[in-house]
Amino acid sequence: MKKQALLNRISQGFILLSAIALLSVSVMAFSNPQSVMDLVRVQLTNTDAFSSIRGVYGGVGLTLFISLLYLMVNDTRKGLAFLSLLWGFYALSRTVTIFSEGALGDFGKQWLITESALCLIAVVLLVTNRRTPVLN
């Protein structure tokens, strides 16, 4: 039983870490959308561009943060499944870019490694959680 409780805490910690990472980009996008785009050296040149970055990275990021907190508290397994998909599809998107547009720069390479690792961690935690009984 202690093993299950520890696994549950590790899983919740991973969900919280992911949520905070997404929140940090969300806050950055709300306060200064250009700062998000500076990471990939793209200049926002009109209010629609600022609005789109604020909405996608800010609004969607905040929605993801709140959803992950909810799942962390109410259904850790679903939270891990969600993060497996989220981090996995981020990594897949970068991989598609390599084949479609060519090699990634340093930023893209670093995030491909990071998102792949986060996906792997989420999958391992999810599989491990499925093998153990649920805490009541």
Side-chain angles (χ1 to χ4, degrees):
M1 205 53 146
K2 288 182 182 183
K3 181 180 175 182
Q4 174 58 35
L6 178 62
L7 180 60
N8 192 54
R9 290 290 175 225
I10 290 169
S11 298
Q12 288 177 325
F14 176 72
I15 294 169
L16 182 61
L17 177 69
S18 294
I20 290 170
L22 293 164
L23 177 64
S24 69
V25 175
S26 179
V27 169
M28 187 187 317
F30 269 118
S31 63
N32 182 3
Q34 184 59 58
S35 66
V36 175
M37 299 313 293
D38 286 345
L39 298 171
V40 291
R41 294 176 301 216
V42 171
Q43 195 65 32
L44 300 176
T45 59
N46 60 64
T47 55
D48 287 336
F50 279 88
S51 172
S52 293
I53 298 306
R54 195 171 268 126
V56 172
Y57 289 97
V60 173
L62 189 57
T63 301
L64 292 172
F65 171 75
I66 292 167
S67 298
L68 285 169
L69 289 184
Y70 175 84
L71 290 170
M72 179 187 75
V73 171
N74 293 298
D75 197 330
T76 305
R77 288 181 185 171
K78 286 181 182 172
L80 293 170
F82 180 80
L83 285 173
S84 297
L85 292 171
L86 179 73
W87 295 128
F89 281 123
Y90 265 125
L92 177 64
S93 298
R94 295 188 195 280
T95 303
V96 169
T97 299
I98 292 168
F99 290 106
S100 298
E101 281 80 35
L104 298 171
D106 290 339
F107 178 88
K109 287 178 193 173
Q110 181 59 53
W111 278 103
L112 175 58
I113 292 167
T114 301
E115 291 153 356
S116 297
L118 291 170
C119 176
L120 182 62
I121 292 167
V123 169
V124 168
L125 287 171
L126 179 61
V127 169
T128 306
N129 268 286
R130 288 190 179 194
R131 293 185 183 160
T132 54
V134 177
L135 290 174
N136 291 329

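Taking hydrophobic clusters as Ile, Leu, Val, Met, Phe, Trp and Tyr residues chained together by side-chain heavy-atom distances below 4.5 Å, L120 does not share a cluster with V127. Linking Ile, Leu, Val, Met, Phe, Trp and Tyr residues whenever their side-chain heavy atoms come within less than 4.5 Å leaves L85 and I121 in two separate clusters. In terms of hydrophobic clustering, with Ile, Leu, Val, Met, Phe, Trp and Tyr side chains grouped at heavy-atom distances under 4.5 Å, V27 and I53 are assigned to different clusters.
With values rounded to the nearest 0.5 angstrom, I98 atom CD1 is found 9.0 Å from K109 atom NZ. Taking CG of L125 as the reference point, atom CD1 of I15 lies at 8.5 Å (rounded to 0.5 Å). Atom CH2 of W111 is separated from atom CG of L39 by 9.5 Å, given to the nearest 0.5 angstrom. In this structure, NZ in K78 is found 14.5 Å from OG in S84, a value given to the nearest 0.5 Å. Rounding to the nearest 0.5 Å places CD1 of I10 at 9.5 Å from OG1 of T128. Interatomic distance, L44 CG to N32 CG, rounded to the nearest 0.5 Å: 9.0 Å.
The backbone N or O of L7 lies less than 3.5 Å from no partner atom in the side chain of Q12, so there is not a single donor-acceptor pair. S116 places a side-chain N or O within donor-acceptor distance of the main-chain N or O of L112, the cut-off being under 3.5 Å. Proximity of a side-chain donor or acceptor of N46 to a complementary backbone N or O of A49 within less than 3.5 Å is detected. In this structure a side-chain-to-backbone donor-acceptor pair under 3.5 Å is present from N74 to Y70. The backbone N or O of G58 lies less than 3.5 Å from a partner atom in the side chain of S26, making a donor-acceptor pair.
The minimum heavy-atom distance linking S11 with L80 is given by the pair OG-CD1, 3.6 Å. Between R54 and P33, the shortest heavy-atom distance links the atoms NH2-CD, 3.1 Å. Closest of all the heavy-atom pairs between L118 and F14 is O-CZ, 3.4 Å. Of all heavy-atom pairs spanning L16 and M72, the tightest one is CB-SD, 3.7 Å.
Here Y90 pairs with W87 under the ring pair (Phe, Tyr, Trp, His ring centres under 6.0 Å) rule; sequence neighbours left out. Partners of R94 by salt bridge (charged side-chain N to carboxylate O under 4.0 Å, His left out), not counting sequence neighbours, listed by chain and number: E115.
Around the OH atom of Y57, the shell of radius 6.0 Å holds no more than 12 heavy atoms that belong to other residues, nucleotides or ligands.
The one candidate from T63, L62, L68, L69 that meets the side chain to side chain contact (heavy atoms under 4.5 Å, CB included) condition with I66 is L62.
In this structure the side chain of D38 never reaches within 4.5 angstrom of the side chain of R41, judged on heavy atoms. Contact check for L22 versus L86: side-chain heavy atoms found under the 4.5 Å cut-off. Counting heavy atoms from C-beta on, the side chains of E101 and V96 never come closer than 4.5 Å.
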(request) Please step through side-chain contact (heavy atoms from CB on, under 4.5 Å) for the pair N129 and Q4, ending with a clear verdict. (result) CA-CA 8 Å; N129 268 286; Q4 174 58 35; 3.9 Å; yes

